[in-house]
Amino acid sequence: MNVTVCVKQIPDPALPGELDPSTNTLKRDGKLILDESDSYGVEMALQLVDAAGGGEVSIISMAPNGEVSGMRTALAMGAAKGVLVSDPELGGSDALTTAKVLAAAAKRLGDADLIIAGTESSDGYTGTVPEQMAEVLGLPSVTFAKSISVEGGTVKVNRQTENGYDEVECSLPVVVSVTAGVVEPRYPSFKGIMAAKSKPVDTVTAADLGVAPVGWSGANQQIVDVAKAPARAAGEIVEDDGEAHLKIVAFLENLKVI
Amino acid sequence: MGINNIWVFAQEANGAPSSNTLELLTKAGALGGSVSAFVVGDASNIAAALGQYGATKVYSTGDLGGQLPGVAGAAAMKAVIDGGDSPDLIMFPQNYEGRDVMSRLSVKLDRTVLTNNVDVAVDGDAVKVTTPVFGGETMVTTTFTGSGPFLAAFRPKSFEAVAGAGGAGEVVSAPVPDLGAAGGAKVTAVHVEESTGPKLDEAAIVVSGGRGLGEKDKFAMVDDLAKILKGAAGASRAIVDAGWVPYSMQVGQTGKVVKPNVYIACGISGATQHMVGMKGSKHIIAINKDQEAPIFGVADLGIVGDVHKVMPKLIEALRGR
Ligand SMILES: Cc1cc2nc3c(=O)[nH]c(=O)nc-3n(C[C@H](O)[C@H](O)[C@H](O)COP(=O)(O)OP(=O)(O)OC[C@H]3O[C@@H](n4cnc5c(N)ncnc54)[C@H](O)[C@@H]3O)c2cc1C
Ligand SMILES: Nc1ncnc2c1ncn2[C@@H]1O[C@H](COP(=O)(O)O)[C@@H](O)[C@H]1O
């Protein structure tokens, strides 16, 4: 079974985010890392290919500046190869354009049995790209997967819902988006990290894939204002001296909720 | 021209329109023009209530028969639009069904989507939406360019729901057309997790626990405190992912948005993705052993202390009353 996984490469979320004052979009010029949201998809794909007893995991990513460091992490975990779409024209692309680009990248790899994405990216969190990609490809999709298994050409998914979960079945090929925490992503081994350095990453532009327009011109949206939100007034901070719970009791009493 | 015709993606929850739906209908009505509700499913239980909140027309696909709402809902909407009844703006809730329908529809219409919004304004032909970024520190306002229908998703509790004097909306059938290969996924079983006490997103008091509780069993302290205060228990994603509590208890960007009178955060660091779900609470109390924890930045009362010491004493003190 061949599985294609979308992996987004993002600025380290541990660093404070910043908007580029000229475009008002998130700055993405530093080193990028593999989005944690996608590490679950990579792990899930590796486990499914293992269980199927054959095939491979490929990864696709759209990123500025020919960035591959996040992709190398996925390759080090065990993915076999990747397609990177990198193009200065892509800056400012909206979710729909991203989905069109990723769909074209998936096609370039050939027909996968299963395409996996994250439920939402850590920095964009539109949560729309996987379902949009499925529609572009004319494929069925199952979003918000908590677990995935494949048996004889049919995928079975437990799909998270507002107050429980649904069991969903679909024949392959299909796009599935996985929620965070579904599996425990493996740490790349030293051997994996070394091997990843020589795994092939096919780098192409949006034009190579025939996707146009991209970037700002394809986005159909324009930022008109950026403002600081009003800050909350500072509260009272107390160190627990063994009696701090009484502070809470008094606070609740004062609000007349007890 | 102008924004004359607005659709609201409408959902049912326990036999009534969901609170998201009523919030969006109210806001849509305030923007002017006519408002229709689009129900992906059978609308018969809720059409009257939707009318009360301003929907003059209620589109209904009828029962989905195991189809997932995303693919079925988008196809049904596209069919109505192709039939000539096209809206200028469609407002979706930022939740599972809303996101999926909007995503599929955006491709069918080749229109951008603007997500995670908390406000909307109409200015002539332009629709502007406002989105918080960096955990709500900065507000970005974006306008759609090109032509409609404009597609926008709004976080729960962005608007107040106010019933009007409208009569029952006229129900219009909007059947799901043949979906072809894209309709291949089928729901074979539905599992509902039972919950007791007030609903998390409606409770006046919410007590939430995070990784600082240390282990699953300690969540009982959160449950106890919530029960004593007649509130609901919530959680950070860290302990939902760890399997301590079900997803339905998650507060934050990917979980529920809560705006209770009192929010008590126990052993929660206050990551931006958690804060966007609870920052709107009237009063916030935090217990965390790290005085640098970001949660203290929004707390009205912050206790720098160990949850294992403070919470049992607090529960004792409240129980004795
Ligand atoms: C795309 C995306 C979406 C997300 N959506 C959500 C969401 O919807 N909701 C959400 O909550 N998170 C969400 N997150 C995750 C979020 O970034 C944080 O990882 C998560 O909120 C952390 O949970 P926590 O505060 O319980 O754990 P931690 O960050 O590990 O914090 C634990 C805290 O407990 C304190 N502590 C430890 N021991 C004690 C003790 N004995 N007594 C008192 N305090 C103690 C520590 O000082 C620390 O501050 C999302 C992340 C991403 C990338
Ligand atoms: N630029 C990208 N490159 C690769 N995958 C992406 C990209 N953007 C989004 N995705 C995929 O789509 C998922 C949802 O992203 P989003 O819609 O931005 O929340 C992510 O978890 C990824 O799997």
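Source: prediction; values computed, not measured. Numbered from 1 within each chain, the chains take letters A, B, ... in sequence-line order.
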Item to complete: Could you tell me how the ring of A:Tyr165 sits relative to the ring of B:His191: parallel (under 30°), tilted (30 to 60°) or perpendicular (over 60°)?
Response: parallel
Worksheet entry | Residue B:Lys282 versus chain A: region with a heavy atom under 4.5 Å | backbone
Discussion item. Is B:Ile228 close to chain A through its backbone or its side chain, or both, or neither, when contacts mean heavy atoms under 4.5 Å?
Written reply: neither
Item to complete: Give a yes or no answer on whether the side chain of B:Thr141 reaches the backbone of A:Val224 with a donor-acceptor pair at less than 3.5 Å.
Response: no
Discussion item. Strictly distance-based, threshold 3.5 Å: is any side-chain N or O of B:Lys309 a donor or acceptor partner for the main-chain N or O of A:Gly242?
Written reply: no
Worksheet entry | Criterion side-chain contact (heavy atoms from CB on, under 4.5 Å) on A:Glu135 and B:Arg104, from CA distance to verdict | CA-CA 6 Å; A:Glu135 179 72 20; B:Arg104 287 262 176 188; 2.8 Å; yes
Worksheet entry | Part of B:Leu229 within contact of chain A (heavy atom distance under 4.5 Å) | side chain
Worksheet item: Using non-hydrogen atoms only, which part of B:Leu114 is less than 4.5 Å away from chain A: side chain, backbone, both, or neither?
Response: side chain
Fill in: Proximal component of B:Val262, with respect to chain A [non-hydrogen, under 4.5 Å]
side chain
Discussion item. To the nearest 0.5 Å, what is the distance between CD1 on A:Ile237 and CG on B:Asp300?
Written reply: 9.5 Å
Worksheet item: At a heavy-atom separation under 4.5 Å, does B:Met249 approach chain A through its side chain, its backbone, both, or neither?
Response: neither
Discussion item. Using heavy-atom distances under 4.5 Å, tell me whether B:Ala317 contacts chain A through its side chain, its backbone, both, or neither.
Written reply: side chain
Discussion item. Under 4.5 Å from any heavy atom of chain A, what part of B:Arg111 do you find: side chain, backbone, both or neither?
Written reply: backbone
Discussion item. If I measure from the heavy atoms of chain A, does B:Gln291 come under 4.5 Å with its side chain, its backbone, both, or neither?
Written reply: side chain
Worksheet, complete the sentence: Under 4.5 Å to a heavy atom of chain B? For A:Ala219 that would be backbone
Item to complete: Check each atom of B:Ile205 against the heavy atoms of chain A and say whether the ones under 4.5 Å are side chain, backbone, both or neither.
Response: side chain
Worksheet item: What part of B:Glu97 is in contact with chain A, defined as an atom under 4.5 angstrom from a non-hydrogen atom: side chain, backbone, both or neither?
Response: neither
Worksheet entry | Least distance between heavy atoms, A:Tyr125 atom then B:Asn116 atom | O-ND2, 2.8 Å
Worksheet, complete the sentence: Closest non-hydrogen contact found for B:Arg99 with A:Gly127 is NH1-CA, 3.3 Å
Practice prompt. Compare all side-chain heavy atoms of A:Val238 with those of B:Val304 and state whether any distance is below 4.5 angstrom.
Written response: no
Discussion item. A side-chain contact here means heavy atoms from C-beta on lying under 4.5 Å apart; do A:Ile258 and B:Arg321 qualify?
Written reply: yes
Discussion item. Contact between A:Lys228 and B:Thr138 at the side-chain level, heavy atoms closer than 4.5 Å - yes or no?
Written reply: yes
Discussion item. Please check this pair: side chain of A:Thr126 against backbone of B:Thr115, looking for a donor-acceptor N/O pair closer than 3.5 Å.
Written reply: no
Worksheet entry | Contact origin within B:Lys256 toward chain A - heavy atom pairs under 4.5 Å | side chain
Worksheet item: Taking C-beta and beyond as the side chain, do A:Lys100 and B:Asp110 meet within less than 4.5 Å on heavy atoms?
Response: yes
Worksheet item: Tell me, do B:Val187 and A:Glu167 make a side-chain contact under 4.5 Å, heavy atoms counted?
Response: no
Worksheet item: Which region of B:Leu301, side chain (C-beta onward) or backbone (N, CA, C, O), has a non-hydrogen atom less than 4.5 Å from a non-hydrogen atom of chain A, or is it both or neither?
Response: both
Worksheet item: Under a 4.5 Å heavy-atom cut-off, does chain A meet the side chain of B:Thr130, its backbone, both or neither?
Response: neither
Worksheet item: Taking the side chain as C-beta and beyond, is there a heavy-atom pair between A:Asp240 and B:Asp306 under 4.5 Å?
Response: no
Practice prompt. For A:Glu162 and B:Ser248, work out which heavy atoms get closest and say how close.
Written response: O-CB, 3.8 Å
